[in-house]
J.: 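I'd like to ask some things about the structure below.
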Amino acid sequence: GAEGGTVRYITTQPSLTKSSIYSREEVSYTQGGDPSYEAGVAGGTPIIDGTLGVRASVWYRRDGGYIDRIDPVSLGTDQRNANYDQTMLVRLAAVWAPTDKITVTPSYFYQDRYRNDVESYWPLYSNPGNDRLVNADPTQRSDPDRFYLMALKVEGDLGAAKLISNTSYYHRKEETGYDGTLYDLGFYQSFFGAGGGLSQPLLLDGNGVHLPAGATNYRCPASVDNAQQNVSQEIRLQSNDPAARLIWTTGVFFSVNRQRYLEQIHDPLLNELTMAAAGAPYTDIFTDQNGNPLPYDPKYPNDSYFLLTNAKDQQFAVFGEGTYSFTDELKLTLGA
């Protein structure tokens with residue numbers, strides 16, 4: 001609940017007087033997998049000396065995968081080294097000083113991260129001693145995660161005090177999830193598994209996935225979509241002389257954070273599965289306590305499960321703090 005956050009990430013700011021450039025590169029190798037590499041460059045320069053300066057950063061990284069994804073039925077390889085990860089970011093910033101008393105600093109930060117598949121493997125089909133790691137999850141579980149952060153800082157020198165305004169807007173979308181096929185197969189076999197008249201007793205056990213003939217392509221991927229929109233505003237008035245006997249700050253803070261969470265198991269092949277495994281449509285197997293069929297919810301057609309949550313967190317704050325130095329060794333701080 002700390003106002004404005006607890007961890008402060010400070011980036012190199014654009015300069016009104018100096019030019020600079022920085023770059024970094026890296027290459028590495030993973031035993032039994034793909035190489036990894038990254039490259040980035042950042043630079044800034046004044047456009048109008050003493051009045052306008054800009055700075056930009058661009059960076060890309062790829063972490064090579066080392067786990068192969070296979071088909072759980074045929075056991076053929078779908079993708080080698082599937083669990084790779086890649087990230088790209090761009091940051092732009094400027095500083096404008098129309099007078100020696102006012103400074104305006106807008107900035108924009110964008111990041112796009114993509115994980116292609118999970119970093120877990122099945123010991124059933126793997127041989128770690130020979131660098132053979134295999135993931136037999138029926139569905140690929142990628143994780144795209146994108147955000148951008150826009151900010152505007154305005155500073156005004158009032159002589160004995162400084163007035164500072166910080167405004168920001170944060171927008172993020174991420175889609176993660178879990179393997180809905182494994183989740184649902186374990187649940188469904190309690191309805192028409194062992195003892196249910198099937199030619200095979202189980203759909204899922206410690207020896208793998210056992211899809212019946214006629215439904216070997218059954219998949220029901222699960223997705224979890226997260227979206228965030230956060231707005232924050234701080235206005236702060238503080239003393240301007242760090243060597244003064246009394247150093248103080250006061251201000252107001254406001255934030256509104258909204259989040260939307262949608263979890264779904266997409267199950268369009270459920271009827272194909274129940275016909276192959278139990279010889280009956282899914283509406284004959286899944287019924288309410290009165291025996292009435294339970295069809296898909298029309299709001300989320302073909303979803304066997306869904307959960308939607310909308311949340312809003314809002315904060316208002318007024319704060320102040322002062323430190324008075326009686327001597328160089330004795331100081332008193334009061335805040336509220």
J.: For the residue pair Glu234 and Ser255, confirm or rule out a side-chain donor-acceptor distance under 3.5 Å.
T.: no
J.: Of all residues at least two apart in sequence or in a different chain, which pass the salt bridge (charged side-chain N to carboxylate O under 4.0 Å, His left out) check with Asp137?
T.: Arg141
J.: May I ask you to say whether Asp68 pairs ionically with Arg80, meaning some side-chain N is under 4.0 Å from a carboxylate O?
T.: yes
J.: Does Asp288 have any side chain to side chain donor-acceptor pair (under 3.5 Å) partners at least two apart in sequence or in another chain, and if so, which?
T.: Asn292
J.: Will you find, in the side chains of Gln31 and Asp131, an N or O donor that is under 3.5 Å from an N or O acceptor?
T.: yes
J.: Might you work through the side-chain contact (heavy atoms from CB on, under 4.5 Å) test for Tyr261 and Leu308, ending with a clear yes or no?
T.: CA-CA 6 Å; Tyr261 173 95; Leu308 175 63; over 6 Å; no
J.: Minimum heavy-atom separation for Ser165 to Ile235, with atom names?
T.: OG-CG1, 4.3 Å
J.: Between Asp63 and Arg61, what is the shortest heavy-atom contact and its length?
T.: OD1-NH2, 2.9 Å
J.: Take Asp117 and Arg115 through the salt bridge (Lys or Arg N to Asp or Glu O under 4.0 Å) test and state the conclusion after the steps.
T.: CA-CA 6 Å; Asp117 212 346; Arg115 186 192 67 193; over 6 Å; no
J.: As a quick check of understanding, evaluate side-chain hydrogen bond (donor to acceptor under 3.5 Å, both in side chains) for Asn310 and Gln259, giving each step before the final call.
T.: CA-CA 6 Å; Asn310 288 292; Gln259 183 167 341; over 6 Å; no
J.: May I ask you to test the Thr17-Pro46 pair for a side-chain heavy-atom distance under 4.5 Å?
T.: no
J.: So which heavy atom on Ala227 is nearest to which on Lys173, and how close?
T.: CB-CG, 4.4 Å
J.: State whether the side chain of Gln264 and the backbone N or O of Tyr305 hold a donor-acceptor pair below 3.5 Å, judged by distance alone.
T.: no
J.: Roughly how far, to the nearest 0.5 Å, is the CG atom of Leu158 from the CD atom of Gln238?
T.: 10.5 Å
J.: Without swapping roles, check the side chain of Asn130 against the backbone of Arg132 for a donor-acceptor pair under 3.5 Å.
T.: no
J.: Which pairs pass side-chain hydrogen bond (donor to acceptor under 3.5 Å, both in side chains) with one or both residues in residues 86-98, sequence neighbours excluded?
T.: Thr11-Arg91, Tyr60-Gln86, Arg62-Gln86
J.: Is the distance from the ring center of Tyr282 to that of Tyr296 below 6.0 Å?
T.: yes
J.: For Tyr110, I'd like to know if atom OH has over 12 heavy atoms of other residues, nucleotides or ligands within 6.0 Å.
T.: yes
J.: Run the side-chain contact (heavy atoms from CB on, under 4.5 Å) test on Tyr188 and Phe286 for me, step by step, so that the C-alpha distance in whole Å, both residues' side-chain angles and the decisive distance to 0.1 Å come before the verdict.
T.: CA-CA 10 Å; Tyr188 291 158; Phe286 301 104; 3.5 Å; yes
J.: For a side-chain hydrogen bond (donor to acceptor under 3.5 Å, both in side chains) check, start with the C-alpha distance between Asn83 and Asn135, then their side-chain angles and the critical distance, and finish with the verdict.
T.: CA-CA 9 Å; Asn83 63 315; Asn135 170 19; over 6 Å; no
J.: Taking only residues two or more places apart in sequence, or in another chain, which ones meet Asp49 in a side chain to side chain donor-acceptor pair (under 3.5 Å)?
T.: none
J.: Tell me, which pairs form a salt bridge (charged side-chain N to carboxylate O under 4.0 Å, His left out) where one or both residues lie in residues 290-319, sequence neighbours left out?
T.: none
J.: Test of understanding: clusters of I, L, V, M, F, W, Y form through side-chain heavy atoms closer than 4.5 Å, transitively. Do Ile285 and Leu273 belong to the same one?
T.: yes
J.: At what distance, to the nearest 0.5 angstrom, does CD1 of Ile247 lie from CG of Asn240?
T.: 11.0 Å
J.: Which atom pair, heavy atoms only, marks the closest approach of Gly180 to Ile265?
T.: CA-CG2, 4.4 Å
J.: Is there a path of hydrophobic side-chain contacts, each under 4.5 Å between heavy atoms of I, L, V, M, F, W or Y residues, that connects Leu211 with Ile70?
T.: yes
J.: Would you name the heavy atoms of Ala276 and Gly214 that are closest together and state the gap between them?
T.: CB-C, 4.1 Å
J.: Identify all side-chain donor-acceptor contacts of residues 319-332 below 3.5 Å with residues at least two apart in sequence or on another chain.
T.:
residue: Thr323; atom: OG1; partner: Thr333; partner atom: OG1; Å: 2.9
residue: Thr327; atom: OG1; partner: Glu329; partner atom: N; Å: 3.1
residue: Thr327; atom: OG1; partner: Leu330; partner atom: N; Å: 3.0

J.: With rounding to the nearest 0.5 Å, note down the distance linking CZ in Arg236 to CG in Asn166.
T.: 6.0 Å
J.: Rounded at 0.5 Å granularity, tell me how far CZ in Arg69 sits from OG1 in Thr139.
T.: 9.0 Å
J.: Salt bridge (charged side-chain N to carboxylate O under 4.0 Å, His left out): which pairs involve residues 254-272, sequence neighbours left out?
T.: none
J.: Decide whether Phe187 and Tyr218 are clustered together by the hydrophobic rule: side chain heavy atoms of Ile, Leu, Val, Met, Phe, Trp, Tyr closer than 4.5 Å, transitively.
T.: yes
J.: I need the Asp85 CG to Ser36 OG distance, nearest 0.5 Å.
T.: 9.5 Å
J.: Could you state the interatomic distance from CG (Asn271) to OG1 (Thr274), rounded to the nearest 0.5 Å?
T.: 4.5 Å
J.: When you group the ILVMFWY residues by side-chain heavy-atom contacts below 4.5 Å and let the links chain together, are Leu307 and Tyr183 in the same group?
T.: yes
J.: Which residues pass the side chain to side chain contact (heavy atoms under 4.5 Å, CB included) test with Arg24, not counting sequence neighbours?
T.: Tyr22, Glu26, Glu38
J.: Side chains of Asn302 and His266: is there a donor and an acceptor less than 3.5 Å apart?
T.: no
J.: Which of parallel (below 30°), tilted (30 to 60°) and perpendicular (above 60°) describes Tyr169 and His171?
T.: tilted
J.: So, Arg219 and Asp71, do they make that salt bridge, N to O below 4.0 Å?
T.: yes
J.: Before giving the answer on side-chain contact (heavy atoms from CB on, under 4.5 Å), spell out for Ser142 and Gln140 the whole-Å C-alpha distance, their side-chain angles and the decisive distance to 0.1 Å.
T.: CA-CA 6 Å; Ser142 61; Gln140 177 189 359; 4.2 Å; yes
J.: Show every donor-acceptor pair shorter than 3.5 Å between a side-chain atom in residues 143-156 and any protein atom, with sequence neighbours excluded, or say none if there are none.
T.:
residue: Asp145; atom: OD1; partner: Arg172; partner atom: NE; Å: 3.0
residue: Asp145; atom: OD2; partner: Arg172; partner atom: NH2; Å: 2.7
residue: Arg146; atom: NE; partner: Asp112; partner atom: OD2; Å: 3.3

J.: With a 4.5 Å cut-off on side-chain heavy-atom distances among I, L, V, M, F, W and Y, is there a chain of contacts connecting Val54 to Leu16?
T.: no
J.: Test of understanding: with ring pair (Phe, Tyr, Trp, His ring centres under 6.0 Å), list the residues that count as partners of Phe306, not counting sequence neighbours.
T.: Tyr300
J.: Who pairs with Tyr84 by side chain to side chain donor-acceptor pair (under 3.5 Å), at least two apart in sequence or on another chain?
T.: Asn116
J.: To check you understand the geometry: which heavy-atom pair defines the closest contact between Gln314 and Phe254, and what is its length?
T.: CG-CE1, 4.2 Å
J.: Does any non-hydrogen side-chain atom of Ser20 lie less than 4.5 Å from one of Ser15?
T.: no
J.: Could you list the donor-acceptor pairs under 3.5 angstrom formed between side-chain atoms of residues 98-108 and any protein atom two or more places apart in sequence or on another chain?
T.:
residue: Thr99; atom: OG1; partner: Lys101; partner atom: N; Å: 3.1
residue: Thr99; atom: OG1; partner: Ile102; partner atom: N; Å: 3.3

J.: When you look at Leu185 and Val209, which way does the side-chain contact (heavy atoms from CB on, under 4.5 Å) test go after all the steps?
T.: CA-CA 9 Å; Leu185 288 178; Val209 177; 3.9 Å; yes
